[in-house]
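Read the numbers this way: they start at 1 and go in the same order the structure lists the ligands and their atoms. Throughout, numbering of the chain's residues begins at 1 and tracks the sequence.
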Amino acid sequence: MSAGRSCPLSYRYSPSVFHADASAQTDTLYVVGGLYGNTAALDAVLARFDAEPGNKRLIFNGDFNWFDIDPDNFVRINEAVLAHDAIRGNVETELDAQDIDAGCGCAYPDWVDDVVVQRSNAIMGRLAATAAQFPPLRAQLTALPMWKRIDVGGVPVGIVHGDAHSLAGWGFAPEHLQDAAHLAEAVRAFDASGMRVFACSHTCSPVLQSLIDAQGRRCIVANNGAAGMPNFAGVQEGLLTRIAVTPCSDSLHGVQVDGIHIDALPIRYDAARWQAEFLAQWPEGSAAHASYWKRISEGPSWRIDQALRLGDAARAAFARHA
Ligand SMILES: [Fe+2]
């Protein structure tokens, strides 16, 4: 297995771990995955969170680092993250990696080209060199947990970077959730974990997917895609997942489970500022520019209508359990 393709054994956990007591109870939870070192997006997230009333928490669910090879940016991102709840992604885990086969730790599936994987490994090497300048900060990042459970309005929410089995799992990728066998596997993960919502990131493509568990209850995979990069064609916005007892007026789209509102919330960051910061760190000819500039400047090909999947069965179940 080549570097960047494998999933290290240390990344794995059982869906049954989520039966543990919740680490916190809250009324409003922001799940911010895939910030990728975008300080403009960080500012927008924190400003939006500050405006939320009441009992609230914010969790960064991994890969908050990626493009932030500038030491000042690296410190800024991580000091802000560590002031809130956080779990580590493959990027933070591999900042101190001994396993050379893991590369960036992405465990990229077959549909991702080899050249993209090689560039990711190169980006990981540059970022690790920056992190090595800050040993105490790096130690805090690599010691973060791989998952958390936080209950929102009494509804259990599993927070992961990848999926219910692995820190870098692709089981909650929208591409996989289109496949019946993978969908069945995701349902089994809900059954085994007791969760009603899994909030994830890692795959960089957002999806809000309804599933029906063995008890006939509606469950949701809320994959926020990327907080720090555009998620849809022609749209310069990141996304976060907001899970709350109250609705919000600026949701891109959302669903409800047991009265809890689960929404994809746009992160309207200063795109010009972020692009300038990116180019200062990753100019034309660099690995990150080759892999990401088109997405950062134009957005991916993914469309908004592809990211909301309720399905007839889910709607029927919702009517029964609403
Ligand atoms: Fe990741």
W274 and F67 aromatic ring geometry - parallel, tilted or perpendicular at 30°/60° bounds =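 Tilted: the ring planes of F67 and W274 meet at 30° to 60°.
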
Short N/O/S contact of H161 with the Fe ion (ligand 1) (below 2.8 Å) =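 So H161 counts as coordinating the Fe ion (ligand 1), yes.
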
query = Is it true that some N/O/S atom of S201, main chain or side chain, lies under 2.8 Å from the Fe ion (ligand 1)?
reply =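 Looking at S201, which is the residue asked about, there is no N, O or S atom under 2.8 Å from the Fe ion (ligand 1).
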
key: ring-ring contact (aromatic ring centres under 6.0 Å, His included) against F18, all qualifying residues, sequence neighbours excluded   =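 F18 satisfies ring-ring contact (aromatic ring centres under 6.0 Å, His included) with W147, F198 once adjacent residues are dropped.
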
Residues which pass ring-ring contact (aromatic ring centres under 6.0 Å, His included) with H289, listed by chain and number, not counting sequence neighbours =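 Applying ring-ring contact (aromatic ring centres under 6.0 Å, His included) to H289 gives W293.
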
task = To 10°, measure the OD1(N90)-the Fe ion (ligand 1)-ND1(H202) angle for me.
result =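 The OD1/ND1 angle about the Fe ion (ligand 1) sits at 100°.
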
ask   = Does a donor on one side chain and an acceptor on the other come within less than 3.5 Å for R119 and S291?
value =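 Yes, because at least one side-chain N or O of R119 sits under 3.5 Å from a partner of the opposite role on S291.
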
task = Identify, by name, the N, O or S atom of D63 lying closest to the Fe ion (ligand 1).
result =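 This turns out to be OD2.
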
